[in-house]
Every structure is written in structure tokens, then in C-alpha cells.
Amino acid sequence: FKPTWDSNGVFTADGKCYVLSAHEDGNGGALEILDVSNPSNPVKLGDWKLYGYLDRVWVNGKYAYVAGTFTDYWGDTPGISFWVIDVSDPASPVAVGALPKTGNNAMIGIFYKNGYVYTCDNEFYYCIDVGSPSDPRILWKLKLPDRGQSVFVQGNTAYLANYGAGLTTVDNHSRVIKGRYGNALDN
């Protein structure tokens, strides 16, 4: 296996590996699906390509949730920052749902839990309801002390790595920042 371009995100499930590849200048990207039942010999099963930069992926069941920056080729639309891809047929993945970019920000970092995707961008931390894959919806968002980079959720607490601001912890139930560590304390 040779990635299409630079690989950014990866997720494994059920003997498959989902690799996000993107060209450095943002002129193309792909979600590549590999059979890794023999880790010594990954075999490409299929891919889903688009114009844009793919950042992170999470797979649950037959859906892949992809965060990044997506525009049409000519830049005529505001772009998409979150996709829901049906990967039930690895040879022919199909986009079934999407969310537009929020301002000039691209969603990065991604975590799936119980029908919700948690993600972040340069300003906010988001909770997205993906119960209806064709119609994902932002349920709420919370202003971050600095640019979000990645997110991990355990119980009702989210742990966010922030560029230039260390770690921020969020109570997902009350939707408030619980604590900060590192440079975040300076804000």
C-alpha cells in the first residue's frame, strides 16, 4: 500500500484501516480503506476522494466521520468541514451527510460516543448529533481559549488539546470549561 498523498488521520476497526490522505496544498484528499487482516500486507479496498484537506477520521459501524477543510474545486461554495461517509461497501464509499464550515474554520480532532461526534476548530468545541447520518446537526458549541487540535471523551468529560493553550477539560453535561493546564492558565 502506498498512500495517495500525505497521511493525516487513521482509524482501525474490524480488520480494516481507514487512512486519510491529503495533498499539502489542499488540492485533493482521500479516505482510503485498507484490509489489514494481514498487517504485513495491507491491501487497498477502495477510497472516497474530494477536493480539500482531510484531517481526522472515526469509524462506527458502517459510517466514517471525517473532519477537515473541504471546498469545491473553484472555491465557489463556503465549503464543508464535516462529512458522514457510508463505508458499508469498502469498494464504493458514499457521502451521505455533511456540515458546512463555520466561518473560516475547519473542524479538526474527532471523537465518537453514543450517537454523537465531538470535534473542535480554531474557536469552538462542538457536539454533533449523528443519529440521522444524512442530517448531522450541531447540538451545541463552546468557545475555547485557543485553537482546538484534538479531543478525547471519557464519561461526561472532554479533554481538548489546544494549540498554544495546553489542555482544556470540558463538562459535556453542563457545557462549561472545568479546568485548564499549561498555557491555558495564562488566558
Practice item. Side-chain contact test, heavy atoms from C-beta onward, threshold under 4.5 Å: evaluate it for Val153 versus Asn172 and give yes or no. Key: yes
**Study point:** Interatomic distance, Tyr159 atom OH to Thr157 atom OG1 [nearest 0.5 angstrom]
**Key:** 4.5 Å
Review point. Are any non-hydrogen side-chain atoms of Phe82 and Ile128 less than 4.5 angstrom apart?
Key: yes
Check your understanding: Would Ser134 and Val84 satisfy side chain to side chain contact (heavy atoms under 4.5 Å, CB included), going step by step from the backbone distance to the final call?
Key -> CA-CA 7 Å; Ser134 64; Val84 180; over 6 Å; no
Study note, to complete from the structure: Shortest non-hydrogen pair, Ser150 vs Cys120, comes out as N-SG, 4.0 Å
Review point. Honestly curious: do Tyr65 and Val151 fall in one hydrophobic cluster under the side-chain, below-4.5 Å linking rule?
Key: yes
**Study point:** Tyr126 six-ring centre to Lys141 NZ/CZ under 6.0 Å and within 45° of normal
**Key:** no
Check your understanding: Given side chains that start at C-beta, do those of Pro145 and Ile177 come closer than 4.5 Å, heavy atoms only?
Key -> yes
Review point. Are Phe11 and Trp58 close enough that their ring centers fall under 6.0 Å?
Key: yes
Study note, to complete from the structure: Rounded to the nearest 0.5 Å, the NZ atom of Lys16 sits from the CD atom of Glu32 at a distance of 16.0 Å
Practice item. Flag yes if more than 12 heavy atoms outside Asp14 fall under 6.0 Å of its CG atom; otherwise flag no. Key: no
Review point. In Å, rounded to the nearest 0.5 Å, how long is the span from CZ of Phe111 to CD of Gln154?
Key: 8.5 Å
Check your understanding: Would you call the rings of Tyr118 and Tyr125 parallel, tilted or perpendicular if under 30° counts as parallel and over 60° as perpendicular?
Key -> parallel
Check your understanding: Is Met107 reachable from Tyr163 through a run of I, L, V, M, F, W or Y residues, each pair having side-chain heavy atoms under 4.5 Å apart?
Key -> no
Exercise for review: Taking all non-hydrogen atoms of both residues into account, name the closest pair between Ser37 and Pro39 and its distance.
Suggested key: O-CD, 3.5 Å
Point to revise | Partner set under side chain to side chain donor-acceptor pair (under 3.5 Å) for Arg175, not counting sequence neighbours | key: none
Review point. Any side-chain heavy atom of Tyr18 within less than 4.5 Å of one from Val87?
Key: yes
Practice item. Check whether any side-chain heavy atom of Val130 sits under 4.5 Å from a side-chain heavy atom of Tyr112, and report yes or no. Key: yes
Exercise for review: Could you tell me whether the side chain of Val19 reaches within less than 4.5 Å of the side chain of Leu34, counting heavy atoms only?
Suggested key: yes
Practice item. Check the pair Leu99, Trp83 against side chain to side chain contact (heavy atoms under 4.5 Å, CB included), reporting the backbone distance first and the verdict last. Key: CA-CA 7 Å; Leu99 284 172; Trp83 285 96; over 6 Å; no
Check your understanding: Looking only at heavy atoms, which two atoms of Pro90 and Pro93 are closest? And how far apart?
Key -> O-CD, 3.5 Å
Review point. When rounded to the nearest 0.5 angstrom, what is the spacing between SG in Cys127 and CZ in Arg137?
Key: 13.5 Å
Review point. Of the options Leu160, Leu144, Ile108, Asn162, which is the one that meets Gln149 in a side-chain contact (heavy atoms from CB on, under 4.5 Å)?
Key: Ile108
Practice item. Over all heavy atoms of both residues, which pair between Lys49 and Ala30 is shortest? Give the atoms and the distance, please. Key: CG-CB, 3.8 Å
**Study point:** Full working for side chain to side chain contact (heavy atoms under 4.5 Å, CB included) between Val57 and Ile110
**Key:** CA-CA 7 Å; Val57 60; Ile110 199 163; 5.7 Å; no
Revision key, fill the gap. Heavy atoms of Gly68 and Ser81 approach each other most closely as O-OG, 3.1 Å
Exercise for review: Give the minimum heavy-atom separation between Ser92 and Val94, together with the two atoms involved.
Suggested key: O-CG2, 3.4 Å
Check your understanding: Heavy-atom distance under 4.5 Å between the side chains of Phe124 and Leu142, does that happen here?
Key -> no
Check your understanding: Do the non-hydrogen side-chain atoms of Asp47 and Ile33 ever get within less than 4.5 Å of each other?
Key -> no
Point to revise | Residue pairs, two or more places apart or on separate chains, that pass salt bridge (charged side-chain N to carboxylate O under 4.0 Å, His left out) and touch residues 111-132 | key: Glu123-Lys143
Review point. With no hydrogens and no angle check, is any side-chain donor or acceptor of Thr119 less than 3.5 Å from a backbone partner on Gly109?
Key: yes
